[in-house]
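Here's the structure, in C-alpha cells; my notes come after.
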There are 2 protein chains.
Amino acid sequence: MTGLRERKKAATRRAIQDHALRLFLDRGYDRTTVADIAEAAGVSPMTFFRYFPTKEDVVEYDEYDPVLAELVVARPAEEHALAAVGAAVAAALATLGEGELATVLVRTRLVLRTPALRARRSAGEGATRDLLAGALARREGREDATHAHRVAAAAAVAALTTALEIWVDEDGRRHLAAVVDEAFGALLDGVGHRAPGG
Amino acid sequence: MTGLRERKKAATRRAIQDHALRLFLDRGYDRTTVADIAEAAGVSPMTFFRYFPTKEDVVEYDEYDPVLAELVVARPAEEHALAAVGAAVAAALATLGEGELATVLVRTRLVLRTPALRARRSAGEGATRDLLAGALARREGREDATHAHRVAAAAAVAALTTALEIWVDEDGRRHLAAVVDEAFGALLDGVGHRAPGG
DNA sequence: GCGGGAAGTGATAGTAACTCACACATGAGA
DNA sequence: TCTCATGTGTGAGTTACTATCACTTCCCGC
C-alpha cells in the first residue's frame, strides 16, 4: 500500500487535480486547456488522460452517496420516503466541518456555473438516484426498487440539487443544512406530511 | 414568410435532422460523424454547424414546455403543486396521437441510451424547471418563484423524467399517460403506500 | 427588370479533446 | 542483481467545433 510507486501515483493525481482546480477558478474552465493543466502539474498531456478519462472528471464531486444510502436504509420503514432522505442528508451534513463546507461551496459554485461540468454532474445524478432507490427499497425489506421508489429517489435528488443551487445563489450565507431542510420541508408540505409554514 | 430562401433553409434544416436521426438509429450516435450527416444531407460540414451549434442539438427534444407551463398556470391555486403539474402533463399528453407517441418513444429511447444526448437533455431540464417554477408562482398570483416553487418544479421534472425512463424500459407497452399518472401518484401518496405497476 | 446588398454556402486552416502504438525508464520482487 | 510489470513520453491521428474569406443566389428598392 505504501510502495514508492503508489505514493508517486497518488501525488501525481493530486497534483493534476490541484493545479486543474486552481487554473479553473483562476481563468475559467473553458479558458484552461488540458495542456495547461499538464504543464502546470509537470506531466505530459497523455498522462493527464491516464489519470482522468475526461477533462470534466478532474473536478471530483465529493462522493457521499454510499454513506447517504446507508443512512437512508437505517431510517424507519413507516417514514415517508422523502422525509427519510431528508433526515439522512441532515445527518450526513452534521459530520461536515466549517472548512469542508467552504470547500464544497467553492467547488459547487464552479460546477453549477460551468455548463460542461453541470452536464457531467447531471449525468452522475443518475447513479445517485439508482443508489437511493435501492436504499429506499431495502429500508422496507425489499430487494428491488419499485417504480415508486425510483420516483421518490429522483424527487429527493432533485430537491437536494435545488437546495445546492439556492445555497450557491445565496453565496453560502445560510448553513447548507438549513437550506436542505427547507427544500425537503417544502416538498413534504405539498404532500401533506408536515404542517405548512417555515 | 414563404420566400424561396426561407423555404430552402427550412428544407435544409429538416434534411440534416432527418438524415442525422436515421444515421443515429442505424449505426449509433458515436459511430456517426458530423461529416457523415453533412454528406448524407448534401451539405458541407460547415453548414451543419450553421444550423445546429453542436452535434447533440440536431436531436430536438420536442418542446412542449411552454404549453405545459400555461396548463399549469390554469390549474386551481389550492391544488398541490405536484398534483397541478401532474394534471397539466396529463392534459398535454391527451393531445398526442398514437403516431406522435411512437415517434416520441423512438427519440426518447435514443436520447436516454446515448450518454452524450442524455447529458445534454439533463442540462436542458434546467430551463424546464425554471419555466415550471415560474408557472407555479403565477398560478398563485405571484410574480417570482419562491424556493418552494423551485423545489416543487424540480421534483415534478424528476418525476416526469423517471416516468419517461420507465416508459422506455417497458418499451412503451403502457400508455405514457398511465406511467406519468403512476409516477405523480407515487409521489403524492408516498412510497410503499400504493401498489406499484399496473 | 435590374442592380446593390444581404444571406447562405463552401474551402481552407486551425484549436482542443481525446486515442493509439510504440519505445523507454524505473521501481518491485526474486 | 536481474527481470518484469508499470508508469510515462513521443508522435501521429480522429473528431467536434471555430474563424476568415470569397462566391453564389435570392430579395428588394428603384
Side-chain angles (χ1 to χ4, degrees), chain A residues 1-21 23-24 26-60 110-111 114-121 123-124, chain B residues 1-21 23-24 26-60 110-111 114-121 123-124:
Chain A
M1 176 65 88
T2 47
L4 174 56
R5 216 165 200 143
E6 312 207 356
R7 263 181 292 139
K8 260 196 171 174
K9 206 175 159 185
T12 301
R13 186 186 168 85
R14 190 54 167 274
I16 293 174
Q17 238 168 355
D18 288 350
H19 282 105
L21 202 60
L23 288 171
F24 289 163
D26 198 35
R27 57 173 100 158
Y29 179 84
D30 293 324
R31 233 67 51 203
T32 305
T33 71
V34 169
D36 292 337
I37 301 169
E39 192 182 346
V43 297
S44 79
M46 245 336 300
T47 299
F48 176 96
F49 288 108
R50 277 200 235 278
Y51 282 90
F52 303 96
T54 75
K55 181 183 170 189
E56 292 152 14
D57 280 305
V58 83
V59 180
E60 236 172 27
L110 174 67
V111 171
T114 306
L117 294 177
R118 205 186 167 111
R120 170 89 178 60
R121 186 194 137 83
Chain B
M1 177 62 95
T2 48
L4 174 56
R5 214 161 201 149
E6 311 204 358
R7 262 181 294 141
K8 260 195 170 177
K9 206 176 161 186
T12 302
R13 186 187 168 85
R14 190 55 165 275
I16 293 174
Q17 236 169 354
D18 288 352
H19 282 105
L21 202 60
L23 289 171
F24 290 163
D26 198 36
R27 57 173 100 157
Y29 180 84
D30 292 324
R31 233 68 52 202
T32 306
T33 71
V34 169
D36 292 337
I37 300 168
E39 192 182 348
V43 298
S44 79
M46 259 312 316
T47 298
F48 177 95
F49 288 108
R50 277 200 234 278
Y51 281 89
F52 304 97
T54 74
K55 181 183 170 188
E56 293 151 12
D57 281 306
V58 82
V59 181
E60 235 173 27
L110 174 68
V111 171
T114 306
L117 294 177
R118 206 188 166 109
R120 171 86 177 60
R121 188 194 135 81

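Just so it is clear, the structure is predicted and the values come from calculations on it, not from any experiment.
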5'-most contact on DNA chain D (nearest-nucleotide basis), A:Lys9 vs B:Pro53, goes to A:Lys9
Expressed as a whole number of angstroms, how long is the span from A:Phe24:CZ to C:dA17:C1'? 12 Å
Among C:dA17, C:dC20, D:dT8, the nucleotide that comes nearest once only the side chain of A:Tyr51 is considered: D:dT8
If I take atom CE in residue B:Met46 and atom C1' in nucleotide D:dT18, what distance separates them, rounded to the nearest angstrom? 8 Å
Indicate, with a heavy-atom threshold strictly under 4.0 Å, whether A:Phe48 touches base, sugar-phosphate, or nothing. nothing
CZ of A:Arg120 versus P of C:dC18: gap in Å, rounded? 11 Å
Would you mind reading off the distance between A:Phe49 atom CZ and C:dT19 atom C1', rounded to a whole angstrom? 9 Å
Quick one: list whatever passes side-chain contact (heavy atoms from CB on, under 4.5 Å) with B:Arg118, sequence neighbours left out. A:Arg129, B:Leu112, B:Glu165
When every non-hydrogen atom of B:Leu110 is compared with those of B:Thr114, the smallest separation belongs to O-OG1, 2.8 Å
Using a cut-off of strictly less than 4.0 Å, decide whether B:Lys55 has a side-chain nitrogen or oxygen near OP1 or OP2 of D:dT15. no
Within residues 29-44 of chain A, which residues have any heavy atom lying less than 4.0 Å from an atom of DNA chain D? A:Val43, A:Ser44
Nearest-angstrom distance from the residue atom CZ of A:Arg13 to C1' of D:dG7: 15 Å
Mind checking if A:Pro45 touches a base, just sugar-phosphate, or nothing, with heavy atoms under 4.0 Å? nothing
Contacts of type side-chain contact (heavy atoms from CB on, under 4.5 Å), residue B:Ala40, not counting sequence neighbours: B:His19, B:Arg22, B:Leu23
Sequence-distant partners of A:Arg13, side chain to side chain donor-acceptor pair (under 3.5 Å), two or more places apart: A:Glu60
A:Arg14: what forms a salt bridge (charged side-chain N to carboxylate O under 4.0 Å, His left out) with it, not counting sequence neighbours? A:Asp18
What integer distance in Å separates B:Leu117:CG from D:dA16:C1'? 14 Å
CD of B:Glu56 versus C1' of D:dA16: gap in Å, rounded? 10 Å
Salt bridge (charged side-chain N to carboxylate O under 4.0 Å, His left out) filter on A:Arg27, not counting sequence neighbours, yields A:Asp36
Sequence neighbours excluded, the answer for ring-ring contact (aromatic ring centres under 6.0 Å, His included) partners of B:Phe48 is B:Phe52
Is A:Phe52 touching bases, backbone alone, or none of the nucleic acid, heavy atoms closer than 4.0 Å? nothing
So, for B:Arg121 and B:Val111, which heavy atoms are closest and what is the spacing to 0.1 Å? CD-CG1, 3.7 Å
Classify every nucleotide of nucleotides 22-27 of chain C by which part a protein heavy atom approaches to under 4.0 Å, writing B for the base, S for the sugar-phosphate alone and - for neither, in 5'-to-3' order. ----BB
Which residues pass the ring-ring contact (aromatic ring centres under 6.0 Å, His included) test with A:Phe24, sequence neighbours left out? A:Tyr29
Whole-Å distance separating the CD atom of A:Glu6 from the P atom of C:dA28: 9 Å
